[in-house]
There are 2 protein chains.
Amino acid sequence: MADVAEKAGVSRALVSIVFRNQAGAGQETRERVLRVADEIGYRPDSAARLLARGRSRTLGVMFTVQQTFHTDLITGIYPEAERLGYDVLLSGATHGRSEAKAVEALLSHRCEAVILLGPDSEPAFLDELGQRTVAVSVSRRVPRARVDFVHSAEGKGVRQAMDHLVELGHRRIVHIDGGRGPGAAERRRAYRAAMRRHGLQAEARVIPGHHTEESGIEAGRLLLAERDGGRPLPTAVLAGNDRCAMGLLMAVTRAGVEVPRDLSVVGYDDSHLSHLMPVGLTTVRQDALLMAEHAVRFAVERLEEREREPREAVLDPKLVVRGTSGPVPAGPGPA
Amino acid sequence: MADVAEKAGVSRALVSIVFRNQAGAGQETRERVLRVADEIGYRPDSAARLLARGRSRTLGVMFTVQQTFHTDLITGIYPEAERLGYDVLLSGATHGRSEAKAVEALLSHRCEAVILLGPDSEPAFLDELGQRTVAVSVSRRVPRARVDFVHSAEGKGVRQAMDHLVELGHRRIVHIDGGRGPGAAERRRAYRAAMRRHGLQAEARVIPGHHTEESGIEAGRLLLAERDGGRPLPTAVLAGNDRCAMGLLMAVTRAGVEVPRDLSVVGYDDSHLSHLMPVGLTTVRQDALLMAEHAVRFAVERLEEREREPREAVLDPKLVVRGTSGPVPAGPGPA
DNA sequence: GCGCGCTACTAGCGCGCTCTAGTTCGAGTA
DNA sequence: TACTCGAACTAGAGCGCGCTAGTAGCGCGC
């Protein structure tokens, strides 16, 4: 920085002003400073900057490396953070790297706030985190913890999906749930409620799973095995999320089941895969961009106004009907 | 820190020593300092620490948010970096966020080295980056740039896959390529060479694509449309990577093509999806963990021994035969 | 002529830590 | 006793910035 200042014939302070895009520097000088900086290859040291101003203006994002919906969210987080003048640091949780560890890394890099994508940690941990810093949880509700919360109205989404299926004449509708995954409990509950509301409680069936392709494949195998054992296939499946739906589709189409003729499948998320399929996946759309924007805004607003109470944003999901759902088979199922 | 020092009755320097776990402090004092720090809730400020010691011991990783193989790599990078005492910062490139921007973010956070996963930038940019800092490119070869390079021997992988297919009796083998994607050029070349070697140059056909599901779906549609127009389907397809293979599978199985009876499909990467499928994807395995380890080691070793020349690691890929490849159809194809 | 306000710029302190070059002190040695 | 030596500890400079308080210069009105 001193080099730049000297070479441009100004003081260090002025270089600082130019780089912070602050008023107080002439247009000509500004350009000269930037040009010299570029020549030298100078770039402000964020550590020093951070130290000097006491704020890092950095948002930490914890995500699960393999979760495709998270990548959709991240895509939305970057631009919104940039718009508000914040930097973004990513930290992934993987098999060998717990969420706590990932968060710790973010904090030790002085992130001012932490955005947790579908966290799977104990509520106590999240609450403690919320006390220590500004935290936002996306997709997972944390009852009385001091964290902001962004999610979509799972109940509404599931209801739309179920109404759609019932309208198409389906009665044997199975739900593959997402276990302890974010939003899974709410979806499961909404599924049960919808079955009841439609007078189908006798048909209700939840196959335990989680939010992965693997889980969908397993469930598919289970259903196929049952079919071979004499129990008819359900006519429709509400999957825990899109990945699960994809797994299920792979499993059943491979076995000759035709979708949606023999079986309707509805996913959840509308992750970028869903619309790619030749006959797109019918799914409940969670607007990842909007969720990301809310998460960032919540974090930033709590940061700027420290005493503010944590808030909750509930976004309306929307059923997107594509090619994997259709009317119930006319004759008896392919039992 | 000053508070801790005062309350523990020692100097700030001593506190520093204790927190760096350095020799030069008595056992008793050490414990006292730690206890006091815990009471006060003191944790060292990594920004200041970083500034003061001039080294961040942080590795930056640039990746493409949607690329599943990258997530496999990241999973391997974390533990290796931790083992060597380095921190990891992630920065994703997305639609609205160029690779240059992602790298810029890493550098301004004082990453000492940058690991680029399948970078798509101009060689000139990469070379410049390599001059400025320690850089490692994974999957993409950058001819005479000052960067380390980790990749798998694409040629060998493709050759194994092709030999496998030819052995199964295939002759009409189509390659959906990966465009400018990492490794794509090498794979394309190796495909052509293999066709030639087996005396099938007349049958060689490359369908332009890229490393996404979308691309596989498009290629699938194209092939199906051609079939409907009278041109027989190929009997086997070598996809540019697993995602592409998955897209292709979705497209063709949906249209009633049975894999591998009517069509054999071979992927590339062995990303975590491949083994999940009910009848797993036959693919060329790139050992993501091993690649990640090499990348981290290259970066760290160049960091510790600054004058060291960039190196290249070529890992042997391995064909993994699963369920999507089989003998060529007995009768005439399903034309 | 003076004060005024404005823009363009600068001096220099301090952020919280690390690190070098010390000082102190008690035990060991001749 | 007089010394050496190492372990335990400290003083204080400096890392690269941001920021506050200030100065210089200039056009303005009266």
Side-chain angles (χ1 to χ4, degrees), chain A residues 1-38 40-58 85-87 107-112 133 303-304, chain B residues 1-38 40-58 85-87 104-112 132-133:
Chain A
M1 179 163 176
D3 296 349
V4 175
E6 192 183 348
K7 204 165 169 205
V10 294
S11 68
R12 293 188 313 105
L14 194 33
V15 176
S16 170
I17 286 174
V18 170
F19 270 89
R20 278 175 294 135
N21 238 323
Q22 213 200 21
Q27 189 53 38
E28 195 186 331
T29 323
R30 206 173 279 272
E31 280 163 16
R32 182 157 34 92
V33 168
L34 288 176
R35 188 159 33 76
V36 169
D38 193 49
I40 296 189
Y42 164 81
R43 123 202 357 281
D45 179 331
S46 70
R49 173 174 263 180
L50 194 159
L51 181 60
R53 80 178 148 200
R55 289 201 50 184
S56 66
R57 295 192 76 80
T58 297
Y86 280 77
D87 230 7
L107 290 180
S108 90
H109 278 275
R110 278 300 183 262
C111 289
E112 298 183 32
T133 182
L303 241 26
E304 325 245 276
Chain B
M1 180 162 175
D3 295 351
V4 175
E6 192 183 349
K7 204 164 170 206
V10 295
S11 68
R12 293 186 312 106
L14 216 292
V15 176
S16 171
I17 286 174
V18 170
F19 269 89
R20 280 175 292 135
N21 235 326
Q22 213 200 20
Q27 188 54 37
E28 196 187 331
T29 323
R30 206 174 279 272
E31 278 164 18
R32 183 156 33 92
V33 168
L34 288 176
R35 187 158 34 76
V36 170
D38 193 49
I40 295 189
Y42 164 83
R43 31 201 353 305
D45 180 330
S46 69
R49 171 174 267 180
L50 194 160
L51 180 61
R53 80 178 145 201
R55 286 202 55 182
S56 65
R57 294 191 76 81
T58 297
Y86 280 76
D87 231 6
E104 208 56 42
L106 291 175
L107 291 181
S108 90
H109 277 275
R110 278 299 183 262
C111 289
E112 298 183 33
R132 215 163 69 187
T133 182

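Just so we're on the same page: letters track the sequence lines, and every chain starts at 1. No hydrogens, no waters, no symmetry mates; every other heavy atom, side chains included, goes into these values.
- Within the 4.5 Å cutoff, no side-chain heavy atoms of B:T29 are placed close to those of B:V18.
- Close to D:dC9, at under 4.0 Å from its OP1 or OP2, lies a side-chain N or O of B:T29.
- Within 4.0 Å (heavy atoms only), B:G24 reaches at least one base atom of the nucleic acid.
- Taking the screw axis at each terminus of the helix from C:dG1-D:dC30 to C:dA30-D:dT1 from five consecutive base pairs, the angle between the two is 50° to within rounding of 10 degrees.
- Panel note: side chain A:R12, backbone A:M1; no donor-acceptor pair is recorded below 3.5 Å.
- Formation of a donor-acceptor pair under 3.5 Å by the B:S11 side chain with backbone atoms of B:A5 is not found in this model.
- Once rounded to the nearest 0.5 Å, the distance linking CZ of B:R49 with CZ of B:R57 reads 11.5 Å.
- Note: CG (A:L14) to C1' (D:dG22) measures 15 Å, nearest angstrom.
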* **Base versus backbone protein contacts along nucleotides 14-20 of chain C [heavy-atom cut-off under 4.0 Å; B, S, -]** => BBBBBB-
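- Scanning both residues, A:L14 and A:G24, for their nearest heavy atoms gives CD1-O, 4.0 Å.
- Around CD of B:Q22, the count of heavy atoms belonging to other residues, nucleotides or ligands within 6.0 Å exceeds 12.
- Of the candidates B:V4, B:V33, B:I17, B:V33 is the only one forming a side-chain contact (heavy atoms from CB on, under 4.5 Å) with B:V10.
- Among residues two or more places apart in sequence or in another chain, the salt bridge (Lys or Arg N to Asp or Glu O under 4.0 Å) test is passed with B:D45 by A:R110.
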